[in-house]
Engineer: 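The structure follows.
Each chain gets a letter, A, B and so on, in the order its sequence line appears, and its residues count up from 1.
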Amino acid sequence: MTNLSIQLPGLQLKNPIMPASGCFGFGREYSEFYDLGKLGAVMMKAATGDERFGNDTPRVAETASGMLNAIGLQNPGIKKILETEVPFLSDYGMPIIANVAGSTPEEYEKVAAAFNETDQVHALELNISCPNVKEGGVQFGTDPVMAAEVTEKVKRASNLPVYVKLSPNAGDIVGMAKAVENAGADGLSMINTITGMQIHLPSKRPLLANQTGGLSGPAIKPVAIRMIYEVKQAVNIPIIGMGGITNAEDVLEFLLAGASAVAVGTANFQNPFACPDIIDALPETLRKYGFHSVQEAVGKGIIS
Amino acid sequence: MTNLSIQLPGLQLKNPIMPASGCFGFGREYSEFYDLGKLGAVMMKAATGDERFGNDTPRVAETASGMLNAIGLQNPGIKKILETEVPFLSDYGMPIIANVAGSTPEEYEKVAAAFNETDQVHALELNISCPNVKEGGVQFGTDPVMAAEVTEKVKRASNLPVYVKLSPNAGDIVGMAKAVENAGADGLSMINTITGMQIHLPSKRPLLANQTGGLSGPAIKPVAIRMIYEVKQAVNIPIIGMGGITNAEDVLEFLLAGASAVAVGTANFQNPFACPDIIDALPETLRKYGFHSVQEAVGKGIIS
Amino acid sequence: MKKAEEMQIIKASEIARDTVEMVLRNRYISQHAAPGQFLHIHVEGHTLRRPISIADVNHEEETVTILFKIVGSGTRQLAANRPGMSINALGPNGNGFPVLAQPGKTVLLAGGGIGVPPLYYLGKTLKSNGVKLISILGFQSKVDIFYEKEFSQLGTTFIVTDDGSYGGKGFVTDVLDDTGLFELYYSCGPGPMLQAMTEKLKGKPGYISLEERMGCGVGTCLACVIPASNGDGYKKICKDGPVFHAGEVSL
Amino acid sequence: MKKAEEMQIIKASEIARDTVEMVLRNRYISQHAAPGQFLHIHVEGHTLRRPISIADVNHEEETVTILFKIVGSGTRQLAANRPGMSINALGPNGNGFPVLAQPGKTVLLAGGGIGVPPLYYLGKTLKSNGVKLISILGFQSKVDIFYEKEFSQLGTTFIVTDDGSYGGKGFVTDVLDDTGLFELYYSCGPGPMLQAMTEKLKGKPGYISLEERMGCGVGTCLACVIPASNGDGYKKICKDGPVFHAGEVSL
Ligand SMILES: Cc1cc2nc3c(=O)[nH]c(=O)nc-3n(C[C@H](O)[C@H](O)[C@H](O)COP(=O)(O)OP(=O)(O)OC[C@H]3O[C@@H](n4cnc5c(N)ncnc54)[C@H](O)[C@@H]3O)c2cc1C
Ligand SMILES: Cc1cc2nc3c(=O)[nH]c(=O)nc-3n(C[C@H](O)[C@H](O)[C@H](O)COP(=O)(O)OP(=O)(O)OC[C@H]3O[C@@H](n4cnc5c(N)ncnc54)[C@H](O)[C@@H]3O)c2cc1C
Ligand SMILES: Cc1cc2nc3c(=O)[nH]c(=O)nc-3n(C[C@H](O)[C@H](O)[C@H](O)COP(=O)(O)O)c2cc1C
Ligand SMILES: Cc1cc2nc3c(=O)[nH]c(=O)nc-3n(C[C@H](O)[C@H](O)[C@H](O)COP(=O)(O)O)c2cc1C
Ligand code: FES
Ligand code: FES
């Protein structure tokens, strides 16, 4: 028997696979494809203080082995999420991670605090790395001082474990990771999307209405692996890894690099069954490479 | 008639297509495939003060729509390059751009100065962004103060126009571009590779002997386009663009984003005729989207 | 539970310039498809699926027909598939056209280019309900025209081309005054055409089918939104649409 | 001038576990290939080409044969190509085995696994020069064995398997004492095997063919280097090799 379970701050995961924030909404649509209870956990779409409408369309573009998105944090706001989305997801019994976003440190604080009201959310993912909003978002994610400030504020406001989601756009990812660890982060999640652009030749202008968007998908996997590998050696908090995962071998690569669990984003769009398919394939993949448990593989690829 | 020519500091290009540094050696091998005289220019493999042997193997890995390399600046050293490689290339008559690398500002200076001895080299490309060497390389490329210092030193030492090659690993690419422009750079070339990693599952360790390598190929094109688009609006020096170009439509996308000429790297490995094929296709592609010249398309995708 | 269905290609042929008609066999989709719904098709080597409308359904043969234009690398790759091969599709997706079931009423079908296909299955269904049909189909040029015969069998059909190489020269909306009376319209085509249609036919009940670049195609990623005309946020084209009441969204 | 050649697949069959034999037609490559050279093959959907040795050549039919093992996504994709389809290859690349032209001499061919193929065309060529051959072929297991009959027709052939399921159990080098005398050896196989070979046969003239991950495959990118044993930098496997004199490089 291969042991897929893993324990992280606030999260008792029966397997290390969860859908990534923003690539799964609040689960309703994919619940029509399979039993969400199969998932290790769920990372919800970003929540902000008030409802947000996001950016104009087009909001997505396809790239080689990847895609760009500039949704712009569209979400119904913290109140509605607590009232209708969290209870829906909670019925499936797996841990729920709420993705917290905002334009100001105060908004982050407010949203984080709101999740204290429910016992159905098990951890927060602090989205200081969204490249698709004018204010907040990625600027908190590329400046270690600001990132630490937001992390501290949210830690004080919340009674939940906080996973800070790092941006690959940061010049010094290890410095960022250390800064938020020192500020009290319980874990990290990495990586968010890399800022990119596509120019639409017929119209001779950026294809996305927002001009830039976040690059995700298999194209960015090597960057995610490198960053996790570097950060793992510099911090003592666990990492939830993501960036281009499409199959169980990718998951093992992330575990070896130092992730303790992983999230699957873009792959859901190509294959709505990406998460359950990976969960089904994982035991055999671990066995094939000589592992009896997920825990055993974490960080095993690191040469010291 | 579509006018493909473009004038850049030191470079009278009959067309905007050149092979990227390190993806073409010193041209000997590809000269067996086609007449190098067809190229707009050539960017030579990096030159250092002394001969360098580079990293251990494996040095390359394949990734989704891209590749990682960690060659490590293997080159015969400035003396031999001047004696045997430059004269060979010079016979073909197109402008030659020398890629200058080093471990210390002084080595950059020395290499740059050495190219004053020949009139067969038309410009320098200052490689402050190589991620695959222990010293120098990318650290000059992610710190604007160091980048400016190297640029200044090289400008003083050289009588050739200097194009500074920027690293996408920099957190603030616009800041880097401005810093080297202020330090006297005549142009920019961007982007170099993004640092990445692949873990080899059977051996459970990084596949590349150097552990990390530089990600290139179509996977990184959206990042290159975004950075050129942003930098073009902030500086007044021309940009030679690169990153994932495989066909003439890609070239037009780079021109629209703000590049005045482009370099083709990884694509040469899949198709040794990548450069001449693109040169042949470019007039029709420009016409299709309504352009009569390369010059006309430069920066036309920028919404201000 | 929804599934991702394998659809076997029964027939594939180029029926107009760069325009491919493909007949696909799949029991589930053929039995459940409604006019105006779409398939979200996986294309080898591409990150995102491609949304393509259902143009016709044959319940007995358990097939659906799609018609698509080769406009980029995804549709080019899709067109390279040959009969006998299978493609993977999500579907039927979205909400289609409400099918009027009042015999004797007259409705207008107005399609532009690759917006024509979904109107065909709609027209067939309406006709079998005894509804009278008038169709206006717009194409770029003569070589782009398809399904003229098929629509003619449903009712009076006007063809217009941008360059006048066949039928009337001009836009679909230029013919609106010549069609005679109708009580309801259904339209699908490029954005500017739909804007012109809804503008000219303001006040008349109508349904329009919209296009937008999609990620998931099932309502989760929020890529494909369109502002609701009541100012209250967005509708999702892939899930709330692609068909909307003409007054429901602001184009 | 060198070209990238289209090669038509004439035949493709699985001749051992996950091991595919493909016969490819191309005039230029078939007329120029020497034993030990390789093709650098483009595989759909992959950034880098795959280096595969030339295993046999038929001048009259203008074909070359390759043998490859499915080990990853590139070889899997390559194996999916069917007769009638074409693949794009650079070649013949590199420097092959020096072909000894002294009738009556005895040489040893020692191949491990997927290192066996290039030795076959070498063996045929040597035999036609009147050279006497002894072959040792090592495979993982019985199901992996291929070309036993073909090599037997060239001379005495020893087969060993890692698990002893066929022939002797053990490594190619375990048989070296049983072969009788030979003046020269040629070897191709995994790194550890070549190390053991050159160690055990130190002082005896021999040629080895090496593998390394490649970028360009033509000598330009410096991906595929191996240190020269004289300490003077690197040799390029794709261009200076893949065949080297046993003493020329340090393994
Ligand atoms: C609900 C719906 C139904 C459709 N029905 C049909 C149909 O029946 N026949 C038909 O020919 N076309 C139809 N389209 C348009 C079709 O989806 C696009 O032509 C196709 O996706 C282009 O793919 P490509 O790879 O060839 O082009 P590329 O431009 O290379 O595609 C790049 C990306 O942009 C997206 N994209 C490009 N154009 C469109 C577009 N017009 N609408 C949505 N996404 C686009 C692609 O899906 C892909 O993600 C429909 C679109 C929608 C939204
Ligand atoms: C000169 C030469 C001749 C060869 N001849 C043969 C032959 O005749 N038959 C045969 O089966 N194999 C041969 N190989 C090995 C063959 O190239 C690899 O098995 C193949 O490239 C693996 O590709 P993949 O996509 O299936 O594996 P993956 O592991 O998915 O490939 C990933 C990357 O690593 C490279 N790679 C992986 N393994 C090797 C390897 N052993 N050598 C070089 N590159 C590798 C691939 O080319 C690709 O770039 C030869 C290698 C070289 C260098
Ligand atoms: C359409 C889309 C929307 C996303 N929205 C969010 C979001 O709201 N919050 C967040 O933290 N990350 C968001 N992300 C980033 C993903 O959670 C993930 O970090 C990234 O896409 C890399 O993983 P992938 O390559 O598996 O998609 C979004 C990504 C996509 C593609
Ligand atoms: C194998 C390889 C070697 C490279 N060597 C150098 C180098 O010596 N100097 C340099 O400035 N860039 C070097 N580069 C970076 C390329 O010049 C180019 O900036 C990068 O690969 C992006 O372009 P591409 O996606 O078209 O390959 C190298 C890239 C590759 C793939
Ligand atoms: S495409 Fe994802 S919500 Fe419509
Ligand atoms: S593979 Fe490029 S030098 Fe050998």
Side-chain angles (χ1 to χ4, degrees), chain A residues 19 22-35 45-46 51-77 198 200-202 207-209 213 215-219 244 246 265-274 277, chain C residues 1-6 32 40-51 71-75 77 87-94 190-192 210-228 230-241 249-251:
Chain A
C23 302
F24 207 73
F26 298 97
R28 290 186 191 270
E29 292 78 16
Y30 288 114
S31 77
E32 297 176 27
F33 286 91
Y34 59 89
D35 175 8
K45 174 73 190 164
E51 179 172 13
R52 286 225 199 180
F53 296 133
N55 297 318
D56 285 346
T57 57
R59 291 178 168 189
V60 294
E62 187 177 70
T63 70
S65 296
M67 66 176 283
L68 293 167
N69 90 80
I71 308 298
L73 296 184
Q74 180 179 340
N75 80 95
Q198 186 170 103
H200 185 236
L201 301 188
L207 189 146
L208 299 177
L215 183 63
S216 63
T246 63
T266 304
N268 293 293
F269 305 155
Q270 192 175 89
N271 173 16
F273 300 94
D277 284 356
Chain C
M1 287 273 159
K2 285 195 182 173
K3 285 194 284 188
E5 299 283 335
E6 292 299 320
H32 290 80
H40 208 36
I41 302 178
H42 172 59
V43 185
E44 190 58 33
H46 291 74
T47 313
L48 299 177
R49 288 171 178 261
R50 300 298 191 262
V71 296
S73 76
T75 44
Q77 175 72 36
I87 56 176
N88 184 287
L90 306 180
N93 279 10
L210 303 181
E211 288 187 4
E212 186 49 80
R213 288 175 190 252
M214 295 189 174
C216 66
V218 298
T220 192
C221 74
L222 308 177
C224 67
V225 297
I226 178 116
N230 62 6
D232 187 17
Y234 286 110
K235 301 273 178 188
K236 299 177 202 172
I237 291 177
C238 69
K239 196 167 171 163
D240 305 323
V249 289
S250 51
L251 294 176

Engineer: Under 4.5 Å from any heavy atom of chain C, what part of Thr266(A) do you find: side chain, backbone, both or neither?
Structural biologist: side chain
Engineer: Any non-hydrogen side-chain atom of Arg49(C) less than 4.5 Å from a side-chain atom of Pro272(A)?
Structural biologist: yes
Engineer: Where does Ile226(C) contact chain A at under 4.5 Å (heavy atoms): side chain, backbone, both or neither?
Structural biologist: neither
Engineer: Can you name the closest pair of heavy atoms from Arg213(C) and Pro58(A) and give their distance?
Structural biologist: CD-CB, 4.0 Å
Engineer: Quick one: does Arg28(A)'s side chain get under 4.5 Å of Lys239(C)'s, heavy atoms only?
Structural biologist: no
Engineer: How close do Leu222(C) and Lys45(A) get, counting heavy atoms only, and between which atoms?
Structural biologist: CD1-CE, 4.3 Å
Engineer: So, Gln270(A) side chain and His46(C) main chain: donor-acceptor pair closer than 3.5 Å or not?
Structural biologist: yes
Engineer: Taking all non-hydrogen atoms of both residues, which atom of Lys3(C) and which atom of Phe273(A) are closest, and how far apart?
Structural biologist: CA-CZ, 3.9 Å
Engineer: Got more than 12 heavy atoms from elsewhere within 6.0 Å of CD, Glu32(A)?
Structural biologist: yes
Engineer: If you take all heavy atoms of Ala223(C) and Val60(A), which pair is closest and at what distance?
Structural biologist: CB-CG1, 3.5 Å
Engineer: Verify, without hydrogens or angle tests, whether Thr57(A) (side chain) and Cys224(C) (backbone) share a donor-acceptor contact under 3.5 angstrom.
Structural biologist: no
Engineer: Quick check: does any side chain N or O of Glu62(A) sit under 3.5 Å from a backbone N or O of Leu48(C), one acting as donor and the other as acceptor?
Structural biologist: yes
Engineer: Thr246(A) versus chain C, heavy atoms under 4.5 Å apart: side chain, backbone, both or neither?
Structural biologist: neither
Engineer: At their closest point, which heavy atom of Phe269(A) faces which heavy atom of Cys221(C), and how far apart are they?
Structural biologist: CZ-CB, 3.6 Å
Engineer: If you take all heavy atoms of Thr63(A) and Thr47(C), which pair is closest and at what distance?
Structural biologist: O-OG1, 3.6 Å
Engineer: Look at Pro218(A), Gly66(A), Gly22(A), Gly217(A) and state which one has the largest set of heavy-atom pairs under 4.5 Å with chain C.
Structural biologist: Gly66(A)
Engineer: Within a strict 4.5 Å, meaning less than it, do heavy atoms of the Pro227(C) and Phe53(A) side chains meet?
Structural biologist: no
